[in-house]
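First the proteins, then the strands, lettered A, B, ... as listed; each starts at 1. Side-chain atoms are counted along with the backbone in the values below, which use heavy atoms only and exclude waters and symmetry mates.
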2 protein chains.
Amino acid sequence: MARAGLNAARLTAAAAELADEVGLEQVTVSALARRFGVKDASIYSHVRSLRELRVRVALLGGAEMTERIAAAVAGRAGRDALVAFADAYRRYALDHPGRYAATQMRVAPEEAADTAGLRRSVELTHGMLRAYGLAEPDLTDAGRLLRAALHGYVHLEATGGFAHPRAVEESWARSLDALHVLLDNWPRRADGPAR
Amino acid sequence: MARAGLNAARLTAAAAELADEVGLEQVTVSALARRFGVKDASIYSHVRSLRELRVRVALLGGAEMTERIAAAVAGRAGRDALVAFADAYRRYALDHPGRYAATQMRVAPEEAADTAGLRRSVELTHGMLRAYGLAEPDLTDAGRLLRAALHGYVHLEATGGFAHPRAVEESWARSLDALHVLLDNWPRRADGPAR
DNA sequence: GCGAGGAACCTAGCACCCCTAGGTACGCGG
DNA sequence: CCGCGTACCTAGGGGTGCTAGGTTCCTCGC
């Protein structure tokens, strides 16, 4: 009997593929063991728990995603950067729904062990927003709204929330137009009374 | 032994409470049976499957949510309506995280059996958007972006996605300001080239 | 008041899941 | 070629969803 040659990295990769194919919920120790032709218990030599496995998928997904976004945004600014950012974000989430879902997990800082990646990702968006002339605290507020809009859009789209016939691609493009306008006209504090 | 007096409605209500307390994932037939002091199998006299139970929670949550939003929006228009809508949306989601999570399920039309509620909810948002002078297809596009922003915001907030210290309440208020501005200046097709 | 029928709930059991404890066997460095 | 660590195993406990096939209780028409 040849050994399967398991290790944490291979397990994580397989779990990520599985998550994209059948959904993060269906990523199971048993399924993974089946895929490697191995007993469930063997998995636990390389990974502490199912939870840890999913966290690894989340970290993998997060890293891949910020990498893609960074590549897309590189050398662009303003509207171009926004569109590149958003398109890369959406594309990754749609191409890798399981990994993307994993990134949405609440993961404790000590589990992450990868604060650098996280910091890089927020720097990415802050850099982009600064190009719109935003500074703190508007930076944080606009960043939150932007993240919310992107995540919400992709999440709703992925879970079938957009039943209406109008093509999503078209709506997406228009929404990016709108977000660009929004960031260009972000209501600063001095501009008016706070609602 | 007194009968527990189960029925689908009571089960749904209990499942909804449970979902809000411990999360939708933890809503389990066994847990529900425990709560009623009854064996698992008894549940299946009233509900076909765990899936059906969760769908019922989703429908309940959806109905409650649109009702609250409708009450909040009633008699308002423009910015007031937007803020009332968004606040009611967010409040419901934060007060009832389990029910809210359930509403995010992909549910087939024949499972819903409640197209009226759904239609009412889209009419609610469309009515609000029309007050901003929007018409199809901008109505659909703006509606999608608005839903995405609200859902994304609430979802990120609920899953601990906003680690940054700046108070979420403040960010939220600013984001609503921004969304109002956005809807007021929605980039119509004629206004410029499509990116 | 009473039997029939249905509803409410049960026992028993399968399949699948996560995870632990304690082995066995393979292959590499000495 | 021999020890030893690592890769993988067997065995098993506990939780979960769900089904099949009872049994007991309540209600309702007579």
Side-chain angles (χ1 to χ4, degrees), chain A residues 1-60 98 101-102 105-108 110-111, chain B residues 1-60 98-99 101-102 104-108 110-111:
Chain A
M1 259 313 200
R3 301 252 166 141
L6 300 189
N7 59 51
R10 286 193 64 193
L11 283 175
T12 307
E17 281 176 34
L18 198 58
D20 289 339
E21 288 166 18
V22 301
L24 184 64
E25 314 282 283
Q26 319 310 323
V27 169
T28 195
V29 171
S30 330
L32 214 52
R34 262 193 303 275
R35 174 165 290 209
F36 281 103
V38 137
K39 298 294 175 186
D40 293 14
S42 307
I43 303 293
Y44 291 91
S45 305
H46 307 277
V47 143
R48 243 201 292 278
S49 66
L50 178 63
R51 158 88 188 171
E52 181 184 313
L53 197 58
R54 289 185 177 157
V55 168
R56 283 174 186 273
V57 172
L59 297 181
L60 174 66
M105 288 177 58
R106 178 176 223 144
V107 33
E110 61 272 20
E111 280 179 301
Chain B
M1 263 312 203
R3 299 257 168 136
L6 299 189
N7 59 52
R10 286 193 63 193
L11 283 175
T12 308
E17 280 176 34
L18 198 59
D20 289 339
E21 289 165 17
V22 299
L24 184 65
E25 314 282 284
Q26 319 311 320
V27 169
T28 191
V29 172
S30 330
L32 214 52
R34 264 194 300 276
R35 176 165 288 209
F36 281 103
V38 136
K39 298 295 175 185
D40 294 14
S42 306
I43 303 293
Y44 291 91
S45 304
H46 307 277
V47 144
R48 243 200 293 277
S49 66
L50 178 62
R51 158 88 188 170
E52 181 185 312
L53 198 57
R54 290 185 177 156
V55 168
R56 282 174 188 272
V57 172
L59 298 181
L60 173 66
R99 288 155 152 96
Q104 240 45 56
M105 287 178 58
R106 179 175 222 146
V107 34
E110 61 271 20
E111 280 178 302

Inset, instruction - Would you kindly give the CD1-to-P distance between B:Ile43 and D:dT16, to the nearest whole Å? - result: 13 Å
Inset, instruction - Under 3.5 Å for both distances, Watson-Crick or G-U wobble, that's the pair rule; now give the dot-bracket for DNA chain D, with | marking pairs to another strand and [ ] for crossing ones. - result: ||||||||||||||||||||||||||||||
Legend entry - Rounded interatomic separation in angstrom, taking CG from B:Asn7 and P from C:dA8: 8 Å
Inset, instruction - Using whole Å, report how far CD of B:Glu52 lies from P of D:dT19. - result: 11 Å
Legend entry - For atom CD of A:Glu25 and atom C1' of D:dT16, their distance in whole Å: 15 Å
Inset, instruction - Tell me which nucleotide among D:dA7, C:dC18, D:dC9 gets nearest to the side chain of A:Leu50. - result: C:dC18
Legend entry - Least distance between heavy atoms, A:Ala101 atom then A:Leu24 atom: C-CD2, 4.0 Å
Inset, instruction - Figure out the CG/C1' separation between A:Leu11 and D:dT6, and round it to whole Å. - result: 15 Å
Inset, instruction - Measure the shortest side-chain to side-chain distance between B:Leu11 and B:Ile43 over non-hydrogen atoms and say whether it is less than 4.5 angstrom. - result: yes
Inset, instruction - Could you check which of C:dC10, C:dC18, D:dC18 has an atom nearest any side-chain atom of B:Lys39? - result: C:dC10
Inset, instruction - Report yes if some heavy atom in the side chain of B:Leu32 is under 4.5 Å from a heavy atom in the side chain of B:Leu53; otherwise report no. - result: yes
Legend entry - Short side-chain N/O contact from B:Thr28 to OP1 or OP2 of D:dG17, under 4.0 Å: yes
Inset, instruction - For B:Val57 and B:Ala102, work out which heavy atoms get closest and say how close. - result: CG1-CB, 3.8 Å
Inset, instruction - For A:Val29 and A:Asp40, work out which heavy atoms get closest and say how close. - result: CG1-O, 3.9 Å
Legend entry - d(CZ, A:Arg54; C1', C:dC18) in whole Å: 11 Å
Legend entry - A:Glu21 and A:Arg35: CA distance, side-chain angles, deciding distance, salt bridge (charged side-chain N to carboxylate O under 4.0 Å, His left out) verdict: CA-CA 13 Å; A:Glu21 288 166 18; A:Arg35 174 165 290 209; 2.9 Å; yes
Inset, instruction - Would you classify A:Ser45 as touching base, sugar-phosphate or nothing, given that sugar-phosphate means primed atoms plus P, OP1 and OP2, and contacts are heavy atoms under 4.0 Å? - result: base
Inset, instruction - Could you check which of C:dC19, C:dA12, C:dC9 has an atom nearest any side-chain atom of B:Val38? - result: C:dC9
Inset, instruction - Between C:dA8, D:dG17, D:dA11, spot the one nearest the side chain of A:Ala41, thanks. - result: D:dA11
Short heteroatom pairs, N/O only, protein and nucleotides 13-16 of chain C, under 3.5 Å:
none

Inset, instruction - Write down the atom of A:His46, the atom of A:Asn7, and the distance for their closest heavy-atom approach. - result: ND1-CA, 3.7 Å
Legend entry - Minimum-distance nucleotide to B:Ser42 side chain [options: C:dC9, D:dC9, D:dA20]: C:dC9
Legend entry - Any side-chain heavy-atom pair of B:Arg56 and B:Val47 under 4.5 Å: yes
Legend entry - Between CG on residue A:Leu6 and OG on residue A:Ser42, distance to nearest 0.5 Å: 7.0 Å
Legend entry - Between D:dC18 (C1') and B:Tyr44 (OH): distance, integer Å: 5 Å
Legend entry - Distance below 4.0 Å between B:Ser49 side-chain N/O and D:dG17 OP1 or OP2: no
Inset, instruction - Please tell me if the side chains of A:Leu18 and A:Gln26 come closer than 4.5 Å, counting only heavy atoms from C-beta onward. - result: no
Legend entry - side-chain N/O B:His46 vs C:dA7 OP1/OP2, d < 4.0 Å: no
Legend entry - Between C:dA7 (P) and B:Arg10 (CZ): distance, integer Å: 18 Å
